[in-house]
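Sequence lines set the chain letters: A, B, ... in the order given, protein chains first and strands last, and positions in each chain run from 1. As the structure is a prediction and not an experimental result, all values here were calculated from the model.
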2 protein chains.
Amino acid sequence: MLKAERHKFIMTKLLEEQKVVTTDLALALDLSEDTIRRDLNELDDKKLLEKVYGGAIQFIEKSVDVFNINISAEEEKKKIVKKALSLLHDGQVIIMSGGSTNLVFAKLIPSDLKATIYTYSLPIAMQLSQHPNIDLIFIGGKMQKKAMVTIGMDVMQVLSKIKADICFLGASSISIKQGLTEIGYEVSIVKKAMIESSDRVVSMFSSNKLNTKMPHSVCDLSQLDTIVTELDPEDLSLEEYRKAGVFVL
Amino acid sequence: MLKAERHKFIMTKLLEEQKVVTTDLALALDLSEDTIRRDLNELDDKKLLEKVYGGAIQFIEKSVDVFNINISAEEEKKKIVKKALSLLHDGQVIIMSGGSTNLVFAKLIPSDLKATIYTYSLPIAMQLSQHPNIDLIFIGGKMQKKAMVTIGMDVMQVLSKIKADICFLGASSISIKQGLTEIGYEVSIVKKAMIESSDRVVSMFSSNKLNTKMPHSVCDLSQLDTIVTELDPEDLSLEEYRKAGVFVL
DNA sequence: TTTAAAATTGCGTTATTTTGCATTATTTTA
DNA sequence: TAAAATAATGCAAAATAACGCAATTTTAAA
């Protein structure tokens with residue numbers, strides 16, 4: 001058995017059982033404990049696991065690297081955004097706002113899609129800069145550093161001049177009465193402009209955003225063409241939205 | 001048996017069994033282990049498999065984490081940029097171009113500095129978005145995805161309208177005769193504009209950039225106010241630059 | 001077709017990696 | 001605090017790999 005195989009075996013077992021025990025592995029693989037320890041040390045060095053007394057446990061990342069954007073519930077978000085991939089077509093002009101759901105979406109855009117994407121979000125732009133066939137345009141302006149998006153006059157001006165086929169709009173909060181709402185005034189203004197510049201507006205978010213509201217209005221439901229959540233479109237909690245004329249994907 | 005056939009055989013076996021062992025292959029194909037090793041090395045070079053001690057395993061594409069920017073020789077670069085920190089003062093308006101040396105610089109900007117920074121580089125902006133007291137303005141435009149910077153008319157227009165106290169300009173190549181030069185035409189144009197918009201121009205780079213040149217001119221030495229390398233300012237290889245009137249830090 | 005250059009292959013030699021064991025240190029447990 | 005379990009270290013044997021070289025085959029050019 002090759003060492004590389006062993007490492008794979010160890011990692012698989014670790015994933016299945018959340019931990020591995022040195023003596024068990026030695027027995028299972030018919031090797032000395034020394035060898036297992038050396039393996040665990042190597043994997044630890046590579047930050048693939050964390051060696052502890054008696055074995056190893058799963059690695060938990062704890063770096064505070066700016067560039068290391070932590071997406072909570074990434075798997076659920078993947079489920080959501082995959083539904084929206086069908087809305088993408090070659091030749092489209094697309095506007096993307098920020099937010100972690102949109103970031104997951106950006107990751108999953110097929111590498112053969114040829115389109116033009118405007119964005120004002122640094123992480124989204126970073127992600128899309130890896131895409132081989134996207135024409136990427138960053139909407140410059142003053143940075144709202146916390147959200148890592150641009151805001152202000154310059155942004156508005158660029159948006160006023162473009163016409164996109166579709167806009168993927170991140171959502172902080174959505175409710176039947178208030179529609180889309182935002183916590184920050186400036187971002188709400190910019191999102192308004194994004195909607196104005198797009199033929200079609202799609203918003204993707206987890207169902208826990210449903211029926212919540214924030215201080216600043218972005219638009220009401222009638223201005224949204226499509227919403228996407230992890231729920232089945234027929235789900236009861238979405239019924240009111242469907243009745244309001246929003247297409248639920 | 002042709003080499004190409006052998007390679008196909010190896011790849012097929014690898015696909016079937018998830019691994020191949022050098023000695024087994026040598027036996028099966030009736031060839032020396034040396035030849036098999038050479039085959040495996042070639043296939044490894046082509047990224048068709050991953051050679052390991054004793055054989056080879058399937059190639060797993062390491063998910064290129066966009067957000068994980070690898071800075072080569074980071075320690076050396078830290079040494080360089082620390083010298084330039086003394087050029088920073090509260091209230092300055094600063095332009096920063098891209099490049100890994102500038103990125104290291106951005107990381108080390110003291111957290112109590114109050115200044116306004118314009119940049120056209122995504123990684124630099126990501127880094128500076130963590131800074132509590134910097135007013136950050138991103139210069140938008142079409143993305144040059146490889147360098148993760150914006151280029152084109154929009155960038156030029158923004159630059160034409162601002163006046164900065166100091167510009168930190170990354171350098172691809174520098175020589176006595178040609179001055180600063182760039183590999184890409186568009187970036188060279190933008191850098192020209194950055195220089196125009198700044199009272200003072202500082203360039204930081206490793207000494208291995210000295211006396212090299214690229215196709216597109218940015219400026220000649222007379223337009224640079226200060227250069228910073230890891231070398232002692234009195235170093236002989238910098239003498240010509242000092243004579244040309246550049247301040248060497 | 002002939003000839004020179006380039007690529008391929010195996011062998012001997014040397015270098016590197018892997019592994020288990022003995023020994024010594026460290027951590028855990030009772 | 002002592003005993004037991006686990007780890008680290010140095011070492012040597014075995015396996016594997018790399019290197020230089022020469023013989024052979026293939027390819028390309030004349």
Side-chain angles (χ1 to χ4, degrees), chain A residues 1-65 68, chain B residues 1-65 68 70-76 208:
Chain A
M1 184 180 227
L2 302 173
K3 187 164 79 150
E5 278 184 275
R6 237 164 42 219
H7 286 187
K8 205 179 282 179
F9 179 90
I10 293 172
M11 291 310 297
T12 306
K13 184 159 187 188
L14 182 63
L15 197 67
E16 281 168 359
E17 309 182 5
Q18 281 74 249
K19 64 156 187 177
V20 287
V21 176
T22 309
T23 50
D24 292 353
L25 286 171
L27 213 61
L29 298 169
D30 192 30
L31 286 164
S32 74
E33 292 183 17
D34 295 72
T35 302
I36 301 298
R37 277 191 207 103
R38 277 185 277 242
D39 285 346
L40 295 181
N41 279 328
E42 281 177 44
L43 293 167
D44 184 288
D45 288 344
K46 288 189 205 158
K47 308 276 168 92
L48 294 174
L49 51 70
E50 187 185 341
K51 196 172 177 308
V52 295
Y53 198 86
I57 57 174
Q58 286 173 312
F59 177 75
I60 323 112
E61 217 165 329
K62 51 210 161 188
S63 74
V64 274
D65 193 342
N68 190 3
Chain B
M1 184 180 226
L2 300 172
K3 188 160 78 150
E5 282 183 272
R6 241 165 38 221
H7 285 189
K8 202 176 280 180
F9 179 90
I10 293 173
M11 291 310 297
T12 307
K13 183 160 187 189
L14 182 63
L15 197 66
E16 281 168 0
E17 309 182 8
Q18 279 75 250
K19 64 152 185 174
V20 288
V21 176
T22 309
T23 50
D24 292 353
L25 285 171
L27 214 62
L29 298 170
D30 193 30
L31 286 163
S32 73
E33 292 183 15
D34 294 70
T35 303
I36 301 297
R37 276 191 206 104
R38 277 185 277 243
D39 285 345
L40 295 181
N41 278 328
E42 281 177 43
L43 293 167
D44 183 288
D45 289 343
K46 288 189 204 158
K47 307 277 168 89
L48 294 174
L49 50 71
E50 187 186 342
K51 195 172 177 308
V52 297
Y53 197 86
I57 58 174
Q58 286 173 313
F59 178 77
I60 327 112
E61 210 166 334
K62 298 173 208 81
S63 66
V64 264
D65 190 355
N68 190 7
N70 197 17
I71 301 171
S72 63
E74 185 161 3
E75 286 310 312
E76 187 185 76
N208 57 21

Engineer: What string of B, S and - do you get for nucleotides 12-30 of chain C, 5' to 3', when a contact is any protein heavy atom under 4.0 Å?
Structural biologist: B----BSBBBB----BS--
Engineer: Quick one: does A:Leu49's side chain get under 4.5 Å of A:Asp44's, heavy atoms only?
Structural biologist: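 In short, these two side chains touch, coming nearer than 4.5 Å.
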Engineer: How many angstroms lie between CE in A:Met1 and CZ in A:Arg6, if you round to the nearest 0.5 Å?
Structural biologist: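 Going from CE on A:Met1 over to CZ on A:Arg6, the span is 8.0 Å.
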Engineer: If you count heavy atoms of other groups shown closer than 6.0 angstrom to CG of A:Asp30, is the number above 12?
Structural biologist: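 Atom CG in A:Asp30 is not packed in, count stays at 12 or less.
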Engineer: Return the set of residues passing side-chain contact (heavy atoms from CB on, under 4.5 Å) with B:Arg38 (not counting sequence neighbours), or none when no residue passes.
Structural biologist: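 Here the qualifying residues are B:Asp34, B:Thr35.
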Engineer: Before giving the answer on side-chain contact (heavy atoms from CB on, under 4.5 Å), spell out for B:Val52 and A:Lys3 the whole-Å C-alpha distance, their side-chain angles and the decisive distance to 0.1 Å.
Structural biologist: CA-CA 8 Å; B:Val52 297; A:Lys3 187 164 79 150; over 6 Å; no
Engineer: Take the C1' atoms of the five end pairs on each side of the helix from C:dT1-D:dA30 to C:dA30-D:dT1, derive the two axes, and give their angle rounded to 10 degrees.
Structural biologist: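 About 50° separates the two local helix axes.
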Engineer: Measure across A:Ala4 and B:Ile57 and return the closest heavy-atom pair with its distance rounded to 0.1 Å.
Structural biologist: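 It is CB-CD1, 3.7 Å.
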Engineer: Rounded to the nearest 0.5 Å, what's the gap from CG on A:Leu2 to OH on B:Tyr53? Could you check?
Structural biologist: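 Output value for this atom pair is 11.5 Å.
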Engineer: If you look only at distance, which donor and acceptor atoms sit under 3.5 Å apart when one is on a side chain in residues 8-26 of chain B and the other is two or more places apart or in another chain?
Structural biologist:
from	atom 1	to	atom 2	distance (Å)
B:Thr12	OG1	B:Lys8	O	2.8
B:Lys19	NZ	A:Glu5	OE1	2.9
B:Thr22	OG1	B:Gly54	O	3.2

Engineer: Which two nucleotides bound the region of DNA chain D that has atoms under 4.0 Å from heavy atoms of chain A, read 5' to 3'?
Structural biologist: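 Endpoints of the contacted stretch of DNA chain D: D:dA5 to D:dT9.
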Engineer: Could you give the distance from CG (A:Leu31) to CZ (A:Arg37), rounded to the nearest 0.5 Å?
Structural biologist: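 CZ of A:Arg37 is found 12.5 Å from CG of A:Leu31.
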Engineer: Just verifying a value: how many Å separate B:His7 NE2 and B:Leu40 CG, rounded to the nearest 0.5 Å?
Structural biologist: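 Spacing of NE2 (B:His7) from CG (B:Leu40) equals 8.0 Å.
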Engineer: Listed in order of residue number, which residues of residues 10-24 of chain B have a non-hydrogen atom at under 4.0 Å from DNA chain D?
Structural biologist: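 Those residues are B:Thr22, B:Thr23.
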